[in-house]
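The block underneath contains the structure these notes are about, expressed in structure tokens.
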Amino acid sequence: MLTTVLRGLAAASLAVLPVTLSTPAHAAETLPLTEAVTRLPVDAESRDGYDRDAFRHWNSGDDPDDGCHTRNEVLIAEAVEPPTVGPRCRLSGGSWFSYYDQVEVTSAPGLDIDHMVPLAEAWDSGASAWSAQQREAYANDQGAAASLVAVTARSNRSKADQDPAEWLPPAGEVHCRYVAEWVGTKLRWTLTADEAELAALRETAADCPDQQVTYEPAT
């Protein structure tokens, strides 16, 4: 229950916390969304050589001793009403709120765990040059509340690998939050944005004058 509360507080403040890596921790930074967008390095995207299997997931999660892989750890952490955790981390009961489409979900199989910045988009934006270890850390990043999000399968599959120039959540009232989490994730992992993506981010950010982004670099 404590984990759920802490994760909820982190998501509400758009804090992006550190993933456990061998590199030293960096200080978190908070800035307005409009300014955060300007921090994104701009570059053309390339999907050459992309293979989803290059991002190993789901791994044994943050606690290898709990018997749960990353997907189930995220579901447990993000549950509004905690599920019962059975043998081999089998989940039953519980409820979740999919913020993309403002839908309550009462069955874990009805949820997808969305990578805020999809794996293919991450590859296009710089992850193609990462080591296998970095890509695995990215694909299983529970150190940042926004990196992995439990949402309805329908909304996640509608999004697919599209960036905010091509897709935003169907619930218009969450666009500021979504774009802030997208930008925070890209800054956390030093990922680039292409020109069309950057233009869309600027347009949305202009309508979100009070939105803040807090992020901490993962590397």
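Note: hydrogens, waters and symmetry copies are ignored here, and every other heavy atom, side chains too, is used.
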- Do E197 and K186 come close enough that some side-chain heavy atom pair is under 4.5 Å? yes
- Side chain to side chain, D112 and T152, heavy atoms closer than 4.5 Å: no
List, one per line, each side-chain donor-acceptor pair under 3.5 Å for residues 60-67, sequence neighbours excluded.
{"residue": "D63", "atom": "OD1", "partner": "D65", "partner atom": "N", "Å": "3.1"}
{"residue": "D66", "atom": "OD1", "partner": "C68", "partner atom": "N", "Å": "2.8"}

- Query: Within the side chain of N140, is there an N or O that forms a donor-acceptor pair under 3.5 Å with the backbone of T70?
  - Reply: no
- Query: From L31 CG over to R39 CZ, what is the distance, rounded to the nearest 0.5 angstrom?
  - Reply: 5.0 Å
- Task: Enumerate the residue pairs fulfilling disulfide (SG to SG under 2.5 Å) with a member in residues 114-166, sequence neighbours excluded, ordered by first and then second residue.
- Result: none
- Do Y100 and V149 have side-chain heavy atoms sitting under 4.5 Å apart? yes
- Task: Considering non-hydrogen atoms only, spot the tightest contact between A205 and V37 and give its length.
- Result: CB-CG2, 4.2 Å
- Message: Going by side-chain hydrogen bond (donor to acceptor under 3.5 Å, both in side chains), name the pairs with one or both residues in residues 83-92, residues two or more places apart or in two chains.
- Response: none
- Message: I need the E181 CD to Q211 CD distance, nearest 0.5 Å.
- Response: 8.5 Å
- Any idea which heavy atoms bring L75 and A108 closest together, and the distance? CD1-CB, 4.1 Å
List the atom pairs, with distances to 0.1 Å, where a side-chain N or O of residues 165-173 and a protein N or O form a donor-acceptor pair under 3.5 Å, not counting sequence neighbours.
{"residue": "E166", "atom": "OE1", "partner": "D163", "partner atom": "N", "Å": "3.0"}
{"residue": "W167", "atom": "NE1", "partner": "S158", "partner atom": "OG", "Å": "3.0"}

- How many angstroms lie between atom CD1 of I113 and atom NE2 of H57, to the nearest 0.5 angstrom? 11.0 Å
- Message: Between the side chains of K159 and E121, is the shortest nitrogen-to-carboxylate-oxygen separation below 4.0 Å, so that they form an ion pair?
- Response: no
- Are R52 and D161 ion-paired here, with the side-chain N under 4.0 Å from a carboxylate O? no
- Item | Considering all heavy atoms, the nearest A27-P217 contact | O-CD, 3.9 Å
- Query: Just wondering, do V213 and W182 contact through their side chains at under 4.5 Å, heavy atoms?
  - Reply: no
- Value for CD (Q212) from CD (E35), rounded to nearest 0.5 Å, stands at 9.5 Å
- Item | Contact summary for V80 and F97, nearest pair of heavy atoms | CG2-N, 3.9 Å
- Item | Heavy-atom check, side chain of E45 versus side chain of W123, under 4.5 Å | no
- First locate atom NE2 of H69, then atom CG of N72, and finally report the distance between them rounded to the nearest 0.5 Å. 4.5 Å
- Minimum heavy-atom distance D101-S155, with the two atoms named: OD2-CB, 3.6 Å
- Task: Could you tell me which residues satisfy side-chain contact (heavy atoms from CB on, under 4.5 Å) with D207, sequence neighbours excluded, listed by chain and number?
- Result: none
- Plane angle bin for F55 and Y50 - parallel if under 30°, tilted between 30 and 60°, otherwise perpendicular: tilted
- How close do L111 and A150 get, heavy atom to heavy atom, and via which atoms? CD2-C, 4.2 Å
- Message: Please check this pair: side chain of R135 against backbone of A54, looking for a donor-acceptor N/O pair closer than 3.5 Å.
- Response: yes
- Message: For D43 and T192, which I'm curious about, is there any donor-acceptor pair between the side chains at under 3.5 Å?
- Response: no
- Message: Measuring from atom OG of S147 to atom CD of Q142, what distance do you get when rounded to the nearest 0.5 angstrom?
- Response: 9.5 Å
- Query: Any disulfide (SG to SG under 2.5 Å) pairs touching residues 99-149, not counting sequence neighbours?
  - Reply: none
- Would you say T204's side chain and A200's backbone share a donor-acceptor pair under 3.5 angstrom? yes
